[in-house]
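Report on one structure; see the data block that follows.
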There are 2 protein chains.
Amino acid sequence: MHNCTTHDDCVADALQQAEEICAARELRFTELRRKVLELVWECHGPVKAYDLLEKLDHRIAAIKPPTVYRALDFLTENGLVHKISSLNAFVGCSHPLRHPECYFLICTECGEAEECCNSDIVSAVAKTAREKDFKAEQITLEISGRCRECQKVN
Amino acid sequence: MHNCTTHDDCVADALQQAEEICAARELRFTELRRKVLELVWECHGPVKAYDLLEKLDHRIAAIKPPTVYRALDFLTENGLVHKISSLNAFVGCSHPLRHPECYFLICTECGEAEECCNSDIVSAVAKTAREKDFKAEQITLEISGRCRECQKVN
DNA sequence: TGGGCGGATGTTATATTATAACGTGATCAT
DNA sequence: ATGATCACGTTATAATATAACATCCGCCCA
Ligand SMILES: [Zn+2]
Ligand SMILES: [Zn+2]
Ligand SMILES: [Zn+2]
Ligand SMILES: [Zn+2]
C-alpha cells in the first residue's frame, strides 16, 4: 500500500461511487454487497474470498462461502471489483466508469496491484483479435513483477 | 480443434522438440513428464489437471495429484506448457523457443485456445511497465470470446 | 390487503483445485 | 561405495468454488 496516505477516503469514495452507479443502473446495492465492497477496499490490494469471509464473520454473523461469492459475482459483473485470476483474488476497481481497459501490475513482493489503463495495449489487443476474426469478450491481463518501491528496498 | 487435421503430428513434433530442449538445457525429460506433455498435447486445448490425472490413471497405475502437479510445474517452468489462469487449465506451448511473448485467444464455445505472439502487445506492455518503473517478470494475457468458426455456426 | 412473483440471502453439502509433509528410490559426482 | 540431489510415491489436508434447495423480503397488482 505504497501511495495511499488517506485510505479512508479511498474507501468512502469507492462506496459513494458504487452507490451512484447502482442507483443509475437500477441495481440493488444491498447491505451485504456494500459490506463486501467496503472490505475489499479496506484491504486495498488483492484479497482472497475466504479472507473476506473471515472478516465478515466478525462483523455480521456466520457468513458462508456462497454468500460472499454471490456478492463478489455481483460486484465483478458490474465492474466494481475485478478478479485477478492468477492470484485467485479480488480487488476494487479504481475507475468503475472507465472500462473495460483495465489491467494490473502486481508486485510479488508487497502484494500491491496497481490498476492501469493504457490505450496502446487495448488497441493492440483489439487489432490482433480483429486480424484473427476473434470476437473478444473479456480480457485478462495481469503483469506480475516488482514495483518501484520494492525494487528500491532490495 | 478447428485447424488440426494431422494431430498426431502435432503431438509428435511437440514431444520431439521438448526432448531436444531438455537435452540442450540438461533437464531431465522423464517418462512421467513426457507422458504428461503427451497427454496435454493430445487434448489439443486447455486441459484440467484432474482430467490429466484420470487419463494417466488408465495408462500408468494410480497417479496421485502431487505427481501430476509436479510434472505440470516442471513443464510450465520450462516453457513447454502454459497455465491458463482464468480456466485453471493447461495447454501445450506451440513454440517453446520463442518466448515469453505468448498469449491466448480462448473460445468460450469450442474451448480452443489459440496461442499468439504479437510484438505490438508485448512492446506496449513493456512500455507501460517501464513508465511505471515496474519490473515485469510474468505476463498473463488471456482473451476470451468467440473464435471465427464458432461465430459462423451461430 | 394479502397473495404471488422474483431476486437476495441462508444453509447444507459437496465439488474442484492445489499443496504440505515425509518417505523411497533413482542418478550423479566424487 | 557413499553421500548429495532430484524425481516420484503416498497420505493427508488446505484452499477455492459451486450445486441445490429453503427462506425471506420487497414489490406489484388483483
Ligand atoms: Zn477497473
Ligand atoms: Zn511492491
Ligand atoms: Zn508459448
Ligand atoms: Zn470456437
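A, B, ... follow the sequence lines: proteins, then strands. Residue 1 opens every chain.
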Exercise. For B:Leu87 and D:dT16, what is the distance between atoms CG and P respectively, to the nearest whole Å?
Worked result: 18 Å
For this session: Look up atom CG in B:Leu52 and atom OH in B:Tyr69, then write down how far apart they are to the nearest 0.5 Å.
Result: 9.5 Å
For this session: Take atom CG of B:Asp73 and atom P of D:dA7, then tell me their distance rounded to the nearest Å.
Result: 12 Å
Exercise. So, the side chain of A:Glu112 versus the backbone of A:Ile106: is there a donor-acceptor pair under 3.5 Å, distance only?
Worked result: no
Exercise. Think B:Arg33 forms a cation-pi with B:Phe74, using NZ or CZ under 6.0 Å from the six-ring centre and within 45 degrees of its axis?
Worked result: yes
Exercise. Think A:Asn88 has a side-chain N or O under 4.0 angstrom from the OP1 or OP2 of D:dA17?
Worked result: yes
Exercise. Less than 6.0 Å separating the ring centroids of B:Phe104 and B:His82?
Worked result: yes
Seminar exercise, completed: Under a 4.0 Å heavy-atom cutoff, the residues of residues 64-71 of chain B touching DNA chain D are B:Lys64, B:Pro66, B:Thr67, B:Arg70
For this session: Examine distances only and state if a side-chain atom of A:Glu115 and a backbone atom of A:Ser94 form a donor-acceptor pair shorter than 3.5 Å.
Result: yes
Exercise. Near DNA chain C, under 4.0 Å by heavy atom, which residues of residues 17-30 of chain A?
Worked result: A:Arg28, A:Thr30
Exercise. What's the OH-C1' distance between A:Tyr50 and C:dT16, to the nearest Å?
Worked result: 11 Å
For this session: May I have the distance from B:Leu53 (atom CG) to D:dC8 (atom C1'), rounded to whole angstrom?
Result: 14 Å
Seminar exercise, completed: Rounded to whole Å, CG of A:Asn78 lies from P of C:dA8 at a distance of 10 Å
